[in-house]
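Sequence lines set the chain letters: A, B, ... in the order given, protein chains first and strands last, and positions in each chain run from 1.
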Amino acid sequence: MSILVNKDTKVIVQGFTGKEGTFHSEQCIAYGTNIVGGVTPGKGGQTHLDRPVFNTVKDAVDATGATVSMIFVPPAFVSDAVMEAADAGIELAVIITEGAPVKDMMYAKMYATKKGMKTIGPNCPGIITAEECKIGIMPGFIFKKGPVGLISKSGTLTYEASNQVVKEGLGITTAVGIGGDPIIGLSYKQLLPLFEADPETKAIVMIGEIGGTLEIEAAEFIKNNITKPVIAFIAGQTAPKGKRMGHAGAIISGGQGTAQEKMDALAAAGVYVVKSPADIGKTVSKALGK
Amino acid sequence: MNIHEYQAKEIFREYGVPVPRGGVAFTGPEAKKVAEELGGDLWVVKAQIHAGGRGKAGGVKLARSLDEVEKIAEELIGMTLVTHQTGPEGKKVEKVYIEEGADIQKEYYLGMVLDRTTEMPVMMASTEGGMEIEEVAAKNPEKIIKVAIDPTIGFQGFHGRKLAFGLGLSKDEIRPFIKFAEALYKVYMDKDANMIEINPLIKTGSGEFLALDAKMGFDDNALYRHQDILEMRDLSEEDPVEVEAAKYGLSYVNLDGNVGCMVNGAGLAMATMDIIKHEGGEPANFLDVGGGANPDTVAKGFELILQDENVRSIFVNIFGGIVRCDRIANGILQATQKVDVNVPVIVRLDGTNAEEAAEILKNANIKNIIPATDLADGAKKAVAAAKGEL
């Protein structure tokens, strides 16, 4: 078991024939991901990486039965691509693209929600179910199969955490890089119950960062809903308060957003809060009584 | 990206958000000329820097004669202004904005920002105008009225009424206030702003609402479609080292410690700073070299770090994913030939081909390069080296 994606998941790629799309699609196929085709407007009917290319997401879905789309289109066109996926009945869009305008993502996410499509990202490494399905840009070999679910805002810190978990003789069920943009798709609060319900996942690692309130909301949710051990690290404990212009951002977050506030909230919710990023793996072992 | 008050007010004018008349000046005589053209007998001379808290720091002054305008402008231009938002080093004033004096009857606060919880823009208003709004938020949160505006319906009358009644405005004041707020919403959305703050928003004796101050910040990701905003960028307001770093696709922030850091990925870069502190050291910088980490970016990274004379050791912490560690190791070796690295460099490479990378570094046999086995080992060695204990 795993969450959201597995070896049977049918995946299409939007921005399939571009440089990034091609490189990472190849890597995903090599990992075993069931990529059934791709979408590049104007290249419909062609074949790329031995898979069919379609002009529209609707064509791709009709022909392949794909339920997940991995999106690599450039930032200026990403909201259009997300909305097209939602319109075509895609169930989960994994948005890798970095640099999407916030306003565009605001509209795209609203439309996705309206259409019942889940999103991950943008500006994220993607999602991987260990040794089954990699939808994203993470180095697959780091994610060995095991009992730990992983949710992270940061890309390389996801790899670091997984690597530590694997070095402890454990491994990963599914790892999700949720991204750290102002508007993101699935977050801790939506992913935690999925891991709670997954029988193979025995512990959950969450990696957070300074800024925003997602980790605080997660803490509240964990307290009331999660029975599995949760291990958390918050990056940016030593980050200085930036030189800001105006205070509007600080006001809306109601003072929440520092690493300390997040660590305190998580600790109060019974989470194993790790101070040093080098202790993530060890703490997972401890939490699992190994 | 942020802009100056006078630039934000230009945008406001274009959208019909009422602001006092004013003009920008780079010298004393220019300032006098602007004041003469404005006419009247009372002017405000305001230092233009990208930071709040100018009033308290002496950057905003009243002038009652044209000669006084010139004198104040000359004092302010060239001065380094230190406010609670500039950091202790302050910011040099390059220009001033001269505005006609306003008949202030009451001061309010009005701001807009993205609310990450509702994922919509939110407009905030308060009767505590002119005050430190962060303090108001902490002590009297009930004095800040917030309305989230669903962009699919846009700004509606009820949004405005909620704010207006919340501020306790009288019947006659409600219509001009809502007009003001609606125009402000349009500015925010059209220009891809991520922050607008008007503190104070004033009501004049004749019942008009005017933006006496204006701060605006923009979503960097959307600047490609706003050439007019890009042209307003003032590089003198930005840290030159950070600007230089950005040219190479690097993200650099200078800090006070002596352990330099070079890391791939922002999260891991912050975590690296955290572990240096955890091991008893102080990070000298935040540096994210991005996913690429090729010889050129690594060389540039060393250059940036070594510009800071406090640096006593450098911790290179790279988690190789798609980019293989052996290539990064070669990159580091090439970089050390391009840049004279005269402090110990602790290198921790993990991920794809990490063992080959360790071998490459070992065989290169450069005395300044010290390999580390993992994150904790690297941080310990970097901190010890900075203290001269390695």
Side-chain angles (χ1 to χ4, degrees), chain A residues 23-24 27 75-76 99-104 106-107 109-110 125 137-139 141-142 152-160 163-164 180-183 207 209-210 212-214 217 233 235-240 242-255 259 275-279, chain B residues 2 50-52 85-87 111-117 119-120 122 124 133-134 137-138 141 144 146 151-152 189 192 194-197 215 217 219 221-222 224-225 255 263-268 270-278 283 286 291 319-322 350-352 374-376 379:
Chain A
F23 177 78
H24 290 292
Q27 300 269 328
V102 175
K103 186 168 79 180
D104 296 3
M106 185 165 71
Y107 286 114
K109 190 176 172 196
M110 280 180 179
I137 58 172
M138 62 289 270
F141 78 98
I142 299 165
S152 171
K153 270 187 183 174
S154 146
T156 40
L157 208 43
T158 311
Y159 316 157
E160 175 71 42
N163 199 43
Q164 286 184 27
D181 276 12
I183 297 220
I207 311 281
E209 279 177 13
I210 47 169
T213 57
L214 293 176
E217 288 161 30
F233 171 74
Q237 297 163 48
T238 54
K243 296 167 206 163
R244 292 158 309 155
M245 201 176 103
H247 304 269
I251 295 168
I252 197 64
S253 61
K275 271 189 137 170
S276 162
D279 294 339
Chain B
N2 296 331
H50 286 185
Q85 286 187 11
T86 59
M112 271 194 86
V113 70
L114 175 81
D115 176 14
R116 291 186 179 207
T117 309
E119 299 182 328
M120 292 176 195
V122 62
M124 301 172 284
I133 200 70
E134 256 179 352
I144 298 177
K146 299 175 189 171
T152 55
M189 293 303 287
D192 277 291
N194 61 11
M195 188 273 296
I196 298 184
E197 200 173 59
K215 290 193 184 66
D219 174 11
N221 289 349
Y224 73 89
R225 58 189 177 204
L255 302 169
V263 189
N264 64 335
L268 190 59
M270 279 197 284
T272 303
M273 286 159 49
D274 292 344
I275 197 168
I276 286 169
K277 187 105 171 180
H278 192 75
F286 166 95
F319 203 104
I322 302 293
D350 211 332
T352 318
D374 59 24
L375 188 52

Checklist entry - At what distance, to the nearest 0.5 angstrom, does CG of D274(B) lie from CD1 of I210(A)? => result 8.5 Å

Checklist entry - Rounded to the nearest 0.5 Å, how far does CG of D104(A) lie from CZ of R225(B)? => result 4.0 Å

Checklist entry - Side chain, backbone, both or neither: which part of F286(B) has an atom under 4.5 Å from a heavy atom of chain A? => result neither

Checklist entry - In terms of heavy-atom pairs under 4.5 Å, which option from S154(A), P125(A), S152(A), P75(A) contacts chain B the most? => result S154(A)

Item to check | Which atom of A278(A) lies closest to which atom of I275(B), heavy atoms considered | outcome: CB-CD1, 3.6 Å

Checklist outcome for this item: Closest non-hydrogen atoms of F233(A) and A271(B), given as atom of the first, atom of the second and distance, are CE2-CB, 3.7 Å

Checklist entry - Relative to chain B, which segment of A76(A) carries a heavy atom at a distance below 4.5 Å: side chain, backbone, both, or neither? => result both

Next on the checklist: If I take atom CD1 from residue I276(B) and atom OG1 from residue T238(A), how far apart are they, to the nearest 0.5 angstrom?
Outcome noted: 8.0 Å

Checklist entry - Could you state the interatomic distance from OH (Y159(A)) to CG (D350(B)), rounded to the nearest 0.5 Å? => result 13.5 Å

Checklist entry - Within the side chain of T156(A), is there an N or O that forms a donor-acceptor pair under 3.5 Å with the backbone of F319(B)? => result no

Checklist outcome for this item: Scanning both residues in full, the closest heavy-atom pair of R116(B) with G180(A) reads NH1-O, 4.4 Å

Checklist entry - Can you name the closest pair of heavy atoms from G351(B) and F141(A) and give their distance? => result C-CZ, 3.5 Å

Next on the checklist: With side-chain contact (heavy atoms from CB on, under 4.5 Å) as the criterion, how do I183(A) and L114(B) come out once you've worked through the C-alpha distance, each side chain's angles and the decisive distance to 0.1 Å?
Outcome noted: CA-CA 9 Å; I183(A) 297 220; L114(B) 175 81; 3.9 Å; yes

Item to check | Rounded distance [0.5 Å steps], NZ in K153(A) versus CE in M270(B) | outcome: 8.5 Å

Checklist outcome for this item: Of the listed M110(A), K275(A), Q164(A), the one with the largest count of heavy-atom pairs under 4.5 Å with chain B is M110(A)

Checklist outcome for this item: Scanning both residues in full, the closest heavy-atom pair of L157(A) with G267(B) reads CD2-O, 3.6 Å

Checklist outcome for this item: One option among E217(A), E160(A), E209(A), K109(A) has the most heavy-atom pairs under 4.5 Å with chain B, and it is E160(A)

Item to check | Evaluation steps, side-chain contact (heavy atoms from CB on, under 4.5 Å), between D219(B) and K103(A) | outcome: CA-CA 9 Å; D219(B) 174 11; K103(A) 186 168 79 180; 5.8 Å; no

